Amino acid sequence: MPQTAHGKAERETASSRHRWIPITVAIGYWILGAIWIASTDWLLYNFLFSSQLRLPFETLKGWIWMAVTATLLYFILRSALDRQHQFEKEISRQISRLDFIVQDLGGLWEMDLQTGALMTSYHLKAALGFPASFEDTESNWFKYIHPDDLPKVTAVRNTIQINFGRTVHLLYRIADAEGEYHWLDVRARIIRDENGKPVRLMGLATDVTETKRTEDRLEHLLNYDVVTSLPNRASLIRWLDDFLPKQSHYASILLLRLDIARFREFVSRYGHDESDSILRAFGERLTQFCDAPAFVAHLGADEFAVAIPNIRSSGVGYHYAESLLAKLDEAYTHGDEYIHLNVRCGAALSPRDGESSEALMVAAGLALSETKKSQTVKSFYAQGMSETYRLMVDRGQALRGAIERDEMSIHYQPVVSLQTGKTVGFEALLRWFRPNEGFVPPAHFIPLAEELGLIDVIGRWVLEQACLDVSQWTDDARGPFVAVNVSPLQLNAQHLLSDVASALAKSKLSPSRLELEITETALTQDYVGAAARLRPLLALGVSIAVDDFGTGYSSLTALRHLPFTRLKLDRSFVIDYARDDTCTVIIDGVIALAQAMKLGITAEGIETIELLENMQKAGCSLAQGYLFSPPVATDQAVGMINWDWFDYSREGLCIKKQPEDNV
Ligand code: C2E
Ligand code: MG
Ligand code: MG
């Protein structure tokens with residue numbers, strides 16, 4: 001570098017100057033002395049005529065010369081010594097600063113590549129607990145390198161002479177004096193001779209053990225389950241992505257998804273700590289049975305999975321799953337008790353049931369749900385997937401990126417006030433249009449999105465889009481509200497609150513115009529947790545509706561604890577009103593209760609005038625259903641704002657034409 005060359009030249013000039021100073025001073029002294037002697041002699045001989053006085057004058061000029069030069073010498077020496085002293089002080093300050101930096105950096109080292117001579121700093125040895133007398137040779141240091149890391153260090157050492165780079169970087173473990181391994185981050189600069197041949201290495205070794213440990217812990221948290229320390233879903237997907245392309249035509253990967261039936265009951269009976277230890281025991285049993293190359297993963301809660309490569313036929317897979325289930329069927333001892341876990345299993349075989357990790361996971365997951373539906377505790381799917389399953393796997397794959405491909409849209413169904421007959425809001429209902437399949441009903445893809453972990457992305461999109469649409473129709477804070485369906489998984493995720501806040505902020509929609517619909521079953525499964533998650537949402541100013549009320553088995557205790565603002569009576573419940581006495585009594589009771597609790601009530605699925613009248617009489621405040629309008633696209637929905645839906649004629653209540661019929 002030019003700067004360095006410039007510095008070097010300056011240093012060389014300074015040092016040659018120093019070399020010439022003494023001789024210059026000596027010659028100067030000699031010349032001055034000669035001038036003094038010659039000039040004073042000349043003066044004495046020419047102006048002092050008395051020869052007796054000449055001698056004392058000559059002595060005097062000698063004394064004068066000595067006095068002047070002694071004084072000069074005194075001042076010169078004193079200033080030189082002072083400067084020397086200052087210089088030494090500065091040097092020792094710089095040395096201690098350098099020492100501090102070196103100590104902080106770790107350890108400096110230098111190696112002569114010709115002789116192999118090594119010089120490591122005192123700090124490096126001290127950091128590893130070695131005495132200063134530690135033998136500084138390459139072979140001695142190499143003895144302490146971790147056997148797993150030794151090959152890579154040796155490889156770098158052996159190729160250093162043909163290394164064309166400027167630096168070397170290595171990360172390896174080395175044992176300290178007590179045998180404990182430290183991670184060293186070693187960086188060295190290759191110093192070359194004038195022919196470009198590497199002659200020396202100058203480097204810095206830093207102990208990065210703590211950083212490495214934190215990284216490892218983070219890596220562990222990302223890839224392993226916290227309870228069982230087994231690889232998690234992400235690790236399994238990676239393993240499948242890695243292994244699937246490597247399978248030959250004659251071998252398959254068998255994926256088993258296992259689920260412990262009614263584990264929730266187990267948790268409420270034994271508590272979380274005991275349940276966690278049972279999960280660990282279950283995981284250990286799985287790992288013992290499925291040894292390498294099988295890959296065991298804990299997908300979360302009570303769900304596990306095993307991927308087994310090199311399965312030659314579906315028959316082999318069948319037997320493997322059978323014997324695994326038999327093993328898992330054995331009881332666990334818990335104190336004096338024997339605990340029996342009912343395990344359900346869904347199986348899928350690659351490439352037959354899915355060629356990608358995603359397809360295989362969906363296939364095995366669907367097979368598992370099938371065992372749940374058919375109430376078979378131990379069963380698995382291995383006979384080839386039916387068309388329905390294939391379609392679902394196909395949809396699962398297509399669902400990813402459906403938003404980006406513009407296949408998703410939102411339709412709006414008007415919600416009508418039973419007092420005024422006007423539109424007061426809209427329910428946002430997601431629609432998926434697949435080019436080769438047409439509209440896919442939400443019931444077919446929402447559970448799939450939940451299963452594939454896509455519901456967060458989709459749910460966030462619906463939330464943002466619905467808020468944006470409605471805010472564009474009118475920015476009046478008293479304008480129609482929009483009711484957005486929220487999946488139980490979204491409710492359980494930590495970011496629902498921030499998602500809602502961000503959707504409101506982006507659209508500038510007043511929070512009072514947003515209602516979140518959460519299904520009854522999702523809320524009552526863990527009503528304490530749900531209540532905690534709903535409260536901040538209510539505090540934001542949005543409303544919360546319990547959707548599909550009447551389909552679950554909510555206890556009044558549960559509902560009493562939940563902060564919500566509206567009940568939506570499910571269609572199945574509404575339809576039986578006035579047909580079935582018990583249902584009538586229940587609905588009347590629920591409406592009375594809701595009124596007492598100052599909750600709003602919406603009746604869903606109003607298809608006939610009779611139902612509308614019945615709900616109106618029962619005291620229901622809002623209604624929605626095909627009688628008014630099915631869910632419609634945005635441009636149609638705009639026309640329905642402030643629309644009067646019914647009127648009273650001589651014959652009684654009658655429905656007015658829909659806005660688009662008037663055009
Ligand atoms: P939901 O929230 O109970 O929505 C009401 C469903 O009833 C809608 O079905 C609507 O089209 C239908 N419906 C409305 N009026 C009538 C009627 O008079 N008669 C009959 N037979 N049906 C009526 P859709 O759109 O198929 O949605 C089904 C379910 O899918 C929704 O039930 C909701 O749980 C879920 N869903 C829809 N969109 C979303 C969404 O964006 N996110 C989530 N998480 N779930 C959604
Ligand atoms: Mg709904
Ligand atoms: Mg509903």
Side-chain angles (χ1 to χ4, degrees), residues 411-429 466 469-484 509-517 541-547 549 564-571 573-574 577-578 587-588 590-632 634-663:
H411 279 197
Y412 293 91
Q413 183 173 40
V415 180
V416 178
S417 158
L418 290 187
Q419 269 87 50
T420 63
K422 282 191 183 303
T423 305
V424 287
F426 291 88
E427 177 170 6
L429 293 153
D469 283 348
V470 179
S471 71
Q472 277 165 3
W473 296 342
T474 165
D475 54 8
D476 186 348
R478 287 160 305 164
F481 68 83
V482 65
V484 176
L509 185 76
S510 159
S512 59
R513 291 180 62 193
L514 177 63
E515 185 165 273
L516 301 179
E517 291 191 7
V542 302
S543 317
I544 309 284
V546 178
D547 202 1
F549 185 79
F564 62 94
T565 44
R566 174 182 306 283
L567 275 183
K568 291 192 78 175
L569 300 179
D570 189 65
R571 181 172 162 265
F573 211 33
V574 169
Y577 190 78
I587 289 192
D588 285 342
V590 166
I591 292 178
L593 195 79
Q595 282 168 343
M597 289 166 77
K598 304 215 165 17
L599 297 172
I601 295 219
T602 307
E604 289 184 313
I606 303 295
E607 289 182 2
T608 61
I609 284 275
E610 292 76 55
L611 268 183
L612 173 62
E613 276 178 327
N614 285 339
M615 286 299 114
Q616 208 178 30
K617 276 184 207 142
C620 206
S621 45
L622 308 180
Q624 62 186 90
Y626 293 167
L627 178 67
F628 307 117
S629 164
V632 290
T634 326
D635 40 353
Q636 261 180 289
V638 195
M640 294 178 180
I641 303 175
N642 290 327
W643 181 251
D644 276 314
W645 290 95
F646 51 82
D647 218 343
Y648 295 93
S649 64
R650 252 179 288 138
E651 289 84 39
L653 194 65
C654 61
I655 289 291
K656 292 218 282 185
K657 276 184 188 171
Q658 288 185 14
E660 73 270 25
D661 300 338
N662 291 343
V663 202

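These numbers come from a predicted model, not from an experiment.
With rounding to the nearest 0.5 Å, the separation of CG in Leu599 from CG in Leu593 is 8.0 Å. Distance check: Cys620 SG to Ile591 CD1 gives 5.0 Å after rounding to the nearest 0.5 Å. With values rounded to the nearest 0.5 angstrom, Leu567 atom CG is found 10.5 Å from Asp547 atom CG. Distance check: Thr634 OG1 to Asp469 CG gives 4.5 Å after rounding to the nearest 0.5 Å. The CG atom of Leu612 sits 6.0 Å away from atom CG of Leu418, with the distance rounded to the nearest 0.5 Å. Atom CD of residue Glu517 and atom OG of residue Ser543 lie 11.0 Å apart, to the nearest 0.5 angstrom.
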Apply side-chain contact (heavy atoms from CB on, under 4.5 Å) to the pair Phe628 and Met640, showing each step before the final yes or no.
CA-CA 10 Å; Phe628 307 117; Met640 294 178 180; over 6 Å; no
Just do the side-chain contact (heavy atoms from CB on, under 4.5 Å) check on Val416 and Phe646 with the steps written out, would you?
CA-CA 10 Å; Val416 178; Phe646 51 82; 4.1 Å; yes
As a quick check of understanding, evaluate side-chain contact (heavy atoms from CB on, under 4.5 Å) for Asn642 and Thr423, giving each step before the final call.
CA-CA 5 Å; Asn642 290 327; Thr423 305; over 6 Å; no
Are Leu429 and Tyr412 close enough, and set up right, to give a side-chain contact (heavy atoms from CB on, under 4.5 Å), and what steps lead you there?
CA-CA 6 Å; Leu429 293 153; Tyr412 293 91; over 6 Å; no
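The side-chain hydrogen bond (donor to acceptor under 3.5 Å, both in side chains) search around Thr474 returns none, not counting sequence neighbours. Evaluation of the side-chain hydrogen bond (donor to acceptor under 3.5 Å, both in side chains) rule for Arg566 yields Glu515, Thr602 as partners, not counting sequence neighbours. Judged as a side-chain hydrogen bond (donor to acceptor under 3.5 Å, both in side chains), and not counting sequence neighbours, Thr565 has no contacts. Among residues two or more places apart in sequence or in another chain, the side-chain hydrogen bond (donor to acceptor under 3.5 Å, both in side chains) test is passed with Thr420 by Ser417. Applying the salt bridge (Lys or Arg N to Asp or Glu O under 4.0 Å) criterion to Asp635, with sequence neighbours excluded, gives no partner residue.
A heavy-atom distance below 4.5 Å is found between the side chains of Tyr626 and Gln413. At least one side-chain heavy atom of Met615 sits less than 4.5 Å from a side-chain heavy atom of Ile606. Between Ile587 and Leu569, some side-chain heavy-atom pair lies under the 4.5 Å cut-off. Proximity of Leu514 to Val484: side-chain heavy atoms (C-beta onward) are separated by under 4.5 Å at one or more points. Taking the side chain as every heavy atom from C-beta outward, Phe481 and Val415 approach each other to under 4.5 Å. Looking at heavy atoms from C-beta onward, Leu622 lies in side-chain contact with Val424 at the 4.5 angstrom threshold. Here the side chains of Pro631 and Phe426 are not in contact, with every heavy-atom distance at 4.5 Å or above. Residues Phe549 and Asp570 form no side-chain contact, since every pair of their non-hydrogen atoms from C-beta on lies 4.5 Å or further apart.
Applying the side chain to side chain donor-acceptor pair (under 3.5 Å) rule to pairs touching residues 610-623 yields Gln616-Tyr648, sequence neighbours excluded.
Formation of a donor-acceptor pair under 3.5 Å by the Arg571 side chain with backbone atoms of Gly625 is not found in this model. For the pair Arg513 (side chain) and Pro480 (backbone), a donor-acceptor distance under 3.5 Å is present. Panel note: side chain Asp476, backbone Arg478; a donor-acceptor pair is recorded below 3.5 Å.
The heavy-atom pair separating Ile601 from Ala594 by the smallest distance is CD1-CB, 3.3 Å. Minimum heavy-atom separation, Tyr577 to Ala618: OH-CB, 3.4 Å.
Checked by atom type, the side-chain pair Gln624/Glu604 shows no donor-acceptor distance below 3.5 Å.
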